[in-house]
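Note sheet for the following structure.
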Amino acid sequence: MLPETEHILLEQQADTLTIWFNRPEARNALSAPVIDDLALVLEALPGQADIRFVILRGKGGVFCAGGDLKMFKTVFQGEADREEIIRSNADFGRLMKAVRAVPQLFLVVIEGAAMAGGLGLACLADVTLATRDARFALTEVTLGIPPAQITPVIMERIGPSEARRLLLTAARFDGEEAQRLGLVHFVETDAQALAARTEQLLQQARGGAPGAIAATKQIINATGHLAGDELVRFAAEQFADCMLGEEAREGLEAFADKRKPAWNNTGTA
């Protein structure tokens with residue numbers, strides 16, 4: 001069961017959970033309560049077998065403006081001491097860890113803007129979609145702070161050379177440039193086209209077995225900390241566990257029978 005949330009909205013339709021940032025008056029800035037709520041939901045998702053797909057997006061035509069600057073000023077530079085600031089920043093690292101651990105296919109849908117920490121979250125998605133006129137930037141250095149937790153994520157997503165340029169210059173760019181850089185996979189003309197593309201992707205992904213998708217994500221994540229024989233062994237173990245499971249039995253039988261497997265509810269052959 002998903003936890004109750006006060007600072008984000010949850011909408012589940014059939015096998016898809018949409019998580020909404022819901023602070024449009026603050027351009028969906030990442031306050032501490034928002035980060036806490038989102039982390040709690042993401043950490044609960046491994047136990048939600050009825051949810052196959054997760055979409056993160058923002059209300060009010062804006063994805064996320066990054067960290068809550070009002071909180072930075074009043075709390076971090078007001079009443080908080082150094083250790084409290086360290087713990088708070090590390091909480092964002094906990095959130096990113098929770099994103100990586102989500103076994104479901106995880107999509108980020110961007111309208112308006114994805115700035116700073118918001119862009120960092122988008123870079124952790126399995127698939128990221130945006131409108132052509134969406135705005136992007138890693139603005140932290142213009143505020144006198146480093147993009148602390150998201151720097152490794154940006155470097156992993158687009159490589160060290162382009163990451164250095166964006167992280168150190170705070171360059172602003174649009175959806176087409178974001179796609180060229182590899183930050184975004186699909187760029188659409190407007191919100192309607194974005195919705196259509198998202199639905200198309202979900203329909204396509206329903207052909208994949210949920211457990212096999214989860215195992216594949218574990219192998220992908222393992223490549224960041226395992227290598228050589230350890231990675232070979234880990235991938236082989238994931239393969240064996242799936243091969244001996246019900247999904248593979250059903251998948252191979254469905255292939256032999258020339259029918260859709262039980263998990264494929266796309267309505268196509």
If you look only at pairs with a residue in residues 67-88, which of them pass as a side chain to side chain donor-acceptor pair (under 3.5 Å), with sequence neighbours excluded?
R23-D68
Interatomic spacing from [atom1] in [X] to [atom2] in [Y] - rounded to 0.5 Å:
{"X": "Q203", "Y": "T198", "atom1": "CD", "atom2": "OG1", "result": "12.0 Å"}
{"X": "L17", "Y": "R52", "atom1": "CG", "atom2": "CZ", "result": "14.5 Å"}
{"X": "D37", "Y": "E4", "atom1": "CG", "atom2": "CD", "result": "10.0 Å"}
{"X": "E140", "Y": "L167", "atom1": "CD", "atom2": "CG", "result": "8.0 Å"}
{"X": "R164", "Y": "I158", "atom1": "CZ", "atom2": "CD1", "result": "12.0 Å"}
{"X": "I8", "Y": "F21", "atom1": "CD1", "atom2": "CZ", "result": "7.5 Å"}

Under the salt bridge (Lys or Arg N to Asp or Glu O under 4.0 Å) rule, collect the residues that match up with [X], sequence neighbours excluded.
{"X": "D15", "result": "R206"}
{"X": "E156", "result": "R100"}
{"X": "E162", "result": "R165, R180"}
{"X": "D126", "result": "K217"}

How far apart are the closest heavy atoms of [X] and [Y], and which atoms are they?
{"X": "K59", "Y": "P24", "result": "O-CB, 3.9 Å"}
{"X": "P160", "Y": "M155", "result": "CB-CE, 3.7 Å"}
{"X": "G120", "Y": "I154", "result": "CA-CD1, 4.4 Å"}
{"X": "P3", "Y": "A44", "result": "CD-CB, 3.8 Å"}
{"X": "I19", "Y": "L10", "result": "CG1-CD2, 3.9 Å"}
{"X": "A248", "Y": "C242", "result": "CB-O, 3.2 Å"}

With hydrophobic residues grouped by side-chain heavy-atom distances under 4.5 Å, do [X] and [Y] end up in a single group?
{"X": "L42", "Y": "M96", "value": "yes"}
{"X": "V108", "Y": "V99", "value": "yes"}
{"X": "V34", "Y": "L40", "value": "no"}
{"X": "M115", "Y": "L38", "value": "no"}
{"X": "L194", "Y": "F106", "value": "no"}

Can you tell if the side chain of [X] reaches within under 4.5 Å of the side chain of [Y], non-hydrogen atoms only?
{"X": "L2", "Y": "I51", "result": "yes"}
{"X": "T151", "Y": "P146", "result": "no"}
{"X": "I55", "Y": "L202", "result": "yes"}
{"X": "L121", "Y": "L95", "result": "yes"}
{"X": "V109", "Y": "T18", "result": "no"}
{"X": "I150", "Y": "L119", "result": "no"}
{"X": "F63", "Y": "N28", "result": "no"}
{"X": "L183", "Y": "C123", "result": "yes"}

Counting distance only, does the side-chain N/O of Q238 pair as donor-acceptor with the main-chain N or O of I219 below 3.5 Å?
no
Could you pull out all residues at least two apart from F173 that satisfy ring-ring contact (aromatic ring centres under 6.0 Å, His included)?
F136
Tell me, which pairs form a ring-ring contact (aromatic ring centres under 6.0 Å, His included) where one or both residues lie in [range], sequence neighbours left out?
{"range": "residues 108-132", "result": "none"}
{"range": "residues 180-208", "result": "none"}
{"range": "residues 211-254", "result": "none"}

Show the atom names and distances, to 0.1 Å, of all donor-acceptor pairs under 3.5 Å that link a side chain in residues 128-135 to residues at least two apart or in another chain.
{"unit_1": "T128", "atom_1": "OG1", "unit_2": "A122", "atom_2": "O", "d": "2.9"}
{"unit_1": "T128", "atom_1": "OG1", "unit_2": "R157", "atom_2": "NH2", "d": "2.9"}
{"unit_1": "T131", "atom_1": "OG1", "unit_2": "D133", "atom_2": "OD1", "d": "3.0"}
{"unit_1": "R132", "atom_1": "NE", "unit_2": "E176", "atom_2": "OE2", "d": "2.8"}
{"unit_1": "R135", "atom_1": "NH1", "unit_2": "G112", "atom_2": "O", "d": "3.3"}

If you count heavy atoms of other groups shown closer than 6.0 angstrom to CD of E25, is the number above 12?
yes
Got more than 12 heavy atoms from elsewhere within 6.0 Å of CD, E246?
no
Sequence neighbours excluded, the answer for side chain to side chain contact (heavy atoms under 4.5 Å, CB included) partners of A254 is E250, R259, P261
Salt bridge or not for R233 and E237, using N-O below 4.0 Å?
yes
I would like to know whether E247 and W263 meet side-chain hydrogen bond (donor to acceptor under 3.5 Å, both in side chains); could you show each step before the answer?
CA-CA 9 Å; E247 282 186 352; W263 62 77; over 6 Å; no
When clusters are formed from ILVMFWY side-chain contacts under 4.5 Å, directly or step by step, what else is grouped with F72?
L69, M71, V75, F76, I85, L143, I145
